[in-house]
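By convention in this document, chain letters (A, B, ...) are assigned in the order of the sequence lines, proteins followed by strands, and residues within each chain are numbered from 1.
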Number of protein chains: 2
Amino acid sequence: MTAREKLLECGISPSVQRLAVLDYLLNHRTHPTADEIYLALCDEIPTLSKTTVYNTLKLFVDNGVALMLTINERNVHFDGDVSLHAHFYCKRCGHLYDMPYSGKHPSKSRMQTMEGHTVEEVHQYYKGICRSCLQED
Amino acid sequence: MTAREKLLECGISPSVQRLAVLDYLLNHRTHPTADEIYLALCDEIPTLSKTTVYNTLKLFVDNGVALMLTINERNVHFDGDVSLHAHFYCKRCGHLYDMPYSGKHPSKSRMQTMEGHTVEEVHQYYKGICRSCLQED
DNA sequence: ATTAAAAATGTAATGAGTACAAACTTGTAA
DNA sequence: TTACAAGTTTGTACTCATTACATTTTTAAT
């Protein structure tokens, strides 16, 4: 499914800016920050505003097109892969790795409730020192 | 175990300010923010500085005395309960609920590694609308 | 008592994210 | 084709949680 189709399916009009942000998210599985996306798209769309990037990402998150990762307390990161998975955050280099989710998978078909709360998002992450940083010691 | 003993055990000198912050965390299981802690302790310790609260919380987190919860992208919350558990964050009222952890429990005795990464912290949280907010609809 | 290390404090700065109003685009219907 | 309204983008100014840093205070050891 193309980025355009994905947006149309969610009832989001596929403007040049929105397509560029979604394309970036789908083709760069690096969990970028809003700023990184903005800087990367500046060449392609010279008039791009940072506010547009923030607005677009919020729109995506609200419509289930992207995930907002609030692991790093400094920056929010975004993920174009909305399937159920966990993350590993390296305290030394700040890199975010994809990891398998460990735990009961919530039923995707209908919304799950837990202790009376309606669960809309499930997040799991680990923190520590990554493989790559450990090798440097 | 008293707050004082807990600090001594971790090699943290139990100053008035540190004891007050830890006491607050242990007696208020509300996952407070640094600002909430600061405001609550201002009466008790009139000379208290916000910087001290931040320094103290960072010290606690680095020594495993408290957890830093980065669920809400605006504010960091802190938890004096460092046992393995999950959280539920209500998107409407912002309340944080304790929840049981679902998934493989990491071995607490020795440090766990996952795909070569050294895991020091395990986090799990849910987002949605809480029981209390649902009743108001 | 002296002195050095540790801790606390206050102020100023940082910077990610947001509010908001103006400008621009798009589609639609006269 | 024009006119209009709704939706979208943009730039600027602002907020405010957190940090940097220099100064002051406290603690503990000699």
Tell me what [X] touches on the nucleic acid: a base, only sugar-phosphate, or nothing, going by heavy atoms under 4.0 Å.
X	result
Asn55(B)	base
Thr47(A)	sugar-phosphate
Ser13(B)	sugar-phosphate
Ser15(B)	sugar-phosphate

Please tell me if [X] has a side-chain N or O lying less than 4.0 Å from either OP1 or OP2 of [N].
X	N	answer
Gln17(B)	dT9(C)	yes
Arg74(B)	dT15(D)	no
Tyr54(B)	dT19(D)	no

Whole-Å gap separating [atom2] ([N]) and [atom1] ([X]):
X	N	atom1	atom2	answer
Leu7(A)	dG7(D)	CG	C1'	15 Å
Leu19(A)	dT9(D)	CG	C1'	15 Å
Tyr38(A)	dT18(C)	OH	P	17 Å
Lys58(A)	dA16(C)	NZ	C1'	16 Å
Leu57(B)	dA17(D)	CG	C1'	13 Å
Ile45(B)	dA8(C)	CD1	P	9 Å
Lys50(B)	dT11(C)	NZ	P	13 Å
Asn72(B)	dC16(D)	CG	C1'	13 Å

When His123(A) is tested against each of Tyr89(B), Tyr126(B), Tyr125(B) for ring-ring contact (aromatic ring centres under 6.0 Å, His included), which residue passes?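 Running ring-ring contact (aromatic ring centres under 6.0 Å, His included) over Tyr89(B), Tyr126(B), Tyr125(B) with His123(A) returns exactly one hit, Tyr125(B).
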
Given His77(B), His87(B), His95(B), His85(B), the one that forms ring-ring contact (aromatic ring centres under 6.0 Å, His included) with His31(B):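 Of the listed residues His77(B), His87(B), His95(B), His85(B), the ring-ring contact (aromatic ring centres under 6.0 Å, His included) partner of His31(B) is His87(B).
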
Are any of the side-chain nitrogens in Lys50(B) or Asp35(B) under 4.0 Å away from the carboxylate oxygens of its partner?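 Yes.
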
Salt bridge check, Glu136(A) against Arg92(A): does any charged N sit closer than 4.0 Å to a carboxylate O?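 The answer is no: the pair does not qualify as a salt bridge.
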
Donor-acceptor contact below 3.5 Å, side chain Ser102(B) vs main chain Gly103(A):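 No: the side chain of Ser102(B) does not pair with the backbone of Gly103(A).
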
Of the nucleotides dA17(D), dA8(C), dG17(C), which one has an atom closest to the side chain of Thr52(B)?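 Taking heavy atoms from C-beta onward, the closest nucleotide is dA8(C).
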
Nearest to the side chain of Thr51(B), which nucleotide is it out of dA8(C), dG10(C), dA19(C)?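 Given the options dA8(C), dG10(C), dA19(C), the side chain of Thr51(B) is closest to dG10(C).
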
